[in-house]
Amino acid sequence: MWGRRDMNDLLFELPLPEFFDLPACLEYMNRSPLECLFRSDGEGVTRLFMLEGTPSLVRLTVAAGTPRLQATLLTGAFPGPKPLAELAQYIVEWFDLERDLAPFYRLADADPLLQKLAASERGLRIIGIPDLFEALCWAILGQQVNLAFAYRLKQQLTAEYGKSLEYEGHTYYHFPGPETFLQVSMEELCSLQLTRSKARTLLDVAALIAGGELSREELLALPSPEAAEQRLLKIRGIGLWTSQYVRMRCLRDATAFPVGDVGLQNAVKFLTGMDRKPTPAELLALSVPWHGWEAYATFYLWRALY
DNA sequence: AGCCAGGGTAGGG
DNA sequence: CCCTACCATGGC
């Protein structure tokens, strides 16, 4: 029975924490029709994983009336215990399931800027990018371009270098690993509309990770998130925004606060009625009551823009 | 045409 | 530490 295709095998269930709302998460994940690394609808999300070298399509839903997140295998071979455990861990980090959000809502519910969002987005968690290379690439692609174009760049990069799988009329893509880029030239990447700066930084990051000189585990093992930030800042083309973004989306650091982020600035401008964008100093002053939850405040504020 | 976009670097105080 | 050019590409 295991291993048969298109059998919708239940892989595992994860107990849901308090304050988790899958539809709220899916709404965020649905913010761009150009997203190519997963496909979400009102019921759940489907993503292509490589399990023991086999492209495997996994769908996540919440079983009706239960506090459990179900992972279902749509196609692929039923994996062994180790890849199964790694997949479960990936999903825990993808949806930040181990975070206790009660302290965040205690402060957000009393905060003039966050109050409404904390109510309307109740149960939204920071959707992570657990893979360091993918997270860095997404941040690099998103530097100084509008989101629509960043998605287009990611789509072109993924379609060119990643694996894909057709299922029920949709194409699912898997983001290429860093080793894929060891033989790729800047010119090749520039032909996909990356600037030379983005291409060079992406290739440098790929070489570092593929060469074992940079890893998520190493960054998490450093004594503090600030130390991880310093490590990332050593890489040319990675500045403050990118390192804070990676802390927030990949290293699951709830205190990361990308004050240079235009989206954050525009959200605060909109919510406060300012006639200009707030300066980083003004954002830092605003964030004092959010201490410890700056990343969650940022993620919720982004929602005000949609 | 001109300004903006989920920035970064180099150069000069 | 700060501030200022300048870079580079697409969207509207």
Side-chain angles (χ1 to χ4, degrees), chain A residues 27-37 113 117 121 124-129 134-157 159-160 186-205 208 226 229-272 274-287 290 294-306:
Chain A
E27 198 178 328
Y28 168 82
M29 298 174 87
N30 250 331
R31 72 196 190 285
S32 173
L34 297 170
E35 174 62 61
C36 62
L37 296 182
L113 235 51
L117 290 163
E121 304 291 329
L124 170 68
R125 283 164 184 268
I126 292 183
I127 305 303
I129 307 175
E134 185 192 322
L136 277 165
C137 285
W138 177 232
I140 292 162
L141 295 179
Q143 291 169 355
Q144 187 58 26
V145 299
N146 62 54
L147 265 181
F149 184 55
Y151 276 110
R152 195 176 310 287
L153 291 174
K154 181 168 82 164
Q155 203 278 331
Q156 296 183 130
L157 200 64
E160 181 72 21
M186 293 240 315
E187 289 66 31
E188 222 174 300
L189 292 182
C190 290
S191 73
L192 299 177
Q193 294 182 285
L194 277 75
T195 61
R196 296 189 69 78
S197 172
K198 283 190 199 308
R200 183 172 50 75
T201 307
L202 193 155
L203 291 179
D204 286 353
V205 165
L208 284 172
E226 289 76 17
E229 181 171 307
Q230 291 307 311
R231 168 69 187 95
L232 291 171
L233 287 173
K234 286 181 188 167
I235 304 165
R236 191 160 52 149
I238 293 183
L240 209 50
W241 176 83
T242 302
S243 42
Q244 287 165 339
Y245 187 89
V246 168
R247 281 173 59 181
M248 173 177 169
R249 300 287 306 271
C250 182
L251 305 181
R252 294 191 307 137
D253 171 16
T255 69
F257 191 44
V259 286
D261 184 88
V262 178
L264 174 64
Q265 294 168 3
N266 282 331
V268 169
K269 175 187 174 191
F270 172 71
L271 290 172
T272 59
M274 295 172 71
D275 60 352
R276 56 172 177 81
K277 286 183 293 207
T279 64
E282 288 171 324
L283 285 174
L284 280 174
L286 265 181
S287 74
W290 309 336
E294 292 87 343
Y296 261 88
T298 299
F299 204 72
Y300 273 60
L301 287 168
W302 281 347
R303 297 305 293 145
L305 297 174
Y306 292 95

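Residue numbering restarts at 1 for every chain, and letters A, B, ... go by the order of the sequence lines.
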Take atom OH of Tyr151(A) and atom C1' of dA5(B), then tell me their distance rounded to the nearest Å. 14 Å

Beyond-backbone contact of Gln193(A) with Leu153(A), side-chain heavy atoms, under 4.5 angstrom: yes

Name every residue in residues 257-264 of chain A that has at least one heavy atom under 4.0 Å from any atom of DNA chain B, in order of residue number, or write none if there are no such residues. Gly260(A), Asp261(A), Val262(A), Gly263(A)

With sequence neighbours excluded, what pairs up with Arg252(A) under the salt bridge (charged side-chain N to carboxylate O under 4.0 Å, His left out) test? Asp96(A)

Starting at atom CD of Gln265(A), determine the distance to atom P of dA5(B), rounded to an integer number of angstrom. 9 Å

OP1 or OP2 of dG8(B) sitting under 4.0 Å from any side-chain N/O of Thr242(A)? yes

Residues passing the side chain to side chain contact (heavy atoms under 4.5 Å, CB included) test with Arg231(A), sequence neighbours excluded, are Leu208(A), Leu214(A), Glu218(A), Leu219(A), Leu222(A), Lys234(A), Ile235(A)

Its dot-bracket string being built from Watson-Crick and G-U pairs below 3.5 Å, with | for another strand and [ ] for crossing, DNA chain B has the pattern .||||.|||||||

Glu282(A): which residues meet the salt bridge (charged side-chain N to carboxylate O under 4.0 Å, His left out) condition with it, sequence neighbours left out? Arg276(A)

Using side-chain heavy atoms (C-beta onward) and a distance below 4.5 Å, is Tyr151(A) in contact with Arg31(A)? yes

Answer whether the closest heavy-atom distance between the side chains of Glu27(A) and Arg303(A) falls below 4.5 Å. yes

In a table with atom names and distances, give each donor-acceptor pair under 3.5 Å that connects a side chain of residues 137-146 of chain A to protein atoms at least two apart or in another chain.
unit_1: Trp138(A); atom_1: NE1; unit_2: Tyr245(A); atom_2: OH; d: 3.1
unit_1: Gln143(A); atom_1: NE2; unit_2: Gly237(A); atom_2: O; d: 3.1
unit_1: Gln143(A); atom_1: NE2; unit_2: Thr242(A); atom_2: OG1; d: 2.8
unit_1: Asn146(A); atom_1: OD1; unit_2: Ala148(A); atom_2: N; d: 3.3
unit_1: Asn146(A); atom_1: OD1; unit_2: Phe149(A); atom_2: N; d: 2.9

Considering only nitrogen or oxygen atoms on both sides, find all protein atoms under 3.5 Å from nucleotides 3-6 of chain C and state each distance.
none

Measure from CZ on Arg276(A) to C1' on dC4(B) and round the result to the nearest Å. 18 Å

Who pairs with Leu284(A) by side chain to side chain contact (heavy atoms under 4.5 Å, CB included), at least two apart in sequence or on another chain? Phe257(A), Val259(A), Ser287(A)

Non-hydrogen side-chain atoms of Phe299(A) and Arg125(A) separated by less than 4.5 Å: no

Roughly how many Å apart are dC3(C) and dA5(B), using the C1' atom of each and rounding to a whole number? 22 Å

So do the side chains of Ile238(A) and Val246(A) get within less than 4.5 Å of each other, counting heavy atoms only? no

Restricting to salt bridge (charged side-chain N to carboxylate O under 4.0 Å, His left out), what partner residues turn up for Glu35(A), sequence neighbours left out? Lys154(A)

For the rings on Tyr306(A) and Tyr28(A), is their centre-to-centre separation under 6.0 Å? no

Using a 4.0 Å heavy-atom cut-off to protein, can you give one letter per nucleotide of nucleotides 7-12 of chain C, 5' to 3': B if the base is in contact, S if only the sugar-phosphate is, - if neither? -BSBS-

Mind checking the CD-CG spacing from Glu188(A) to Leu157(A)? Nearest 0.5 Å is all I need. 10.5 Å

Could you list, one pair per line, each protein nitrogen or oxygen that sits under 3.5 Å from a nitrogen or oxygen of nucleotides 9-13 of chain B, together with the distance?
unit_1: dT9(B); atom_1: OP1; unit_2: Gly237(A); atom_2: N; d: 2.5

Residues Trp290(A) and Leu301(A): closest non-hydrogen pair is CH2-CD1, 3.7 Å

Any salt bridge (charged side-chain N to carboxylate O under 4.0 Å, His left out) pairs touching residues 253-271 of chain A, not counting sequence neighbours? Arg247(A)-Asp253(A)

Between C1' of dA5(B) and CG of Leu141(A), the distance in whole Å: 14 Å

Would a 4.5 Å heavy-atom cut-off, applied to side chains only, mark Arg196(A) and Leu189(A) as touching? no

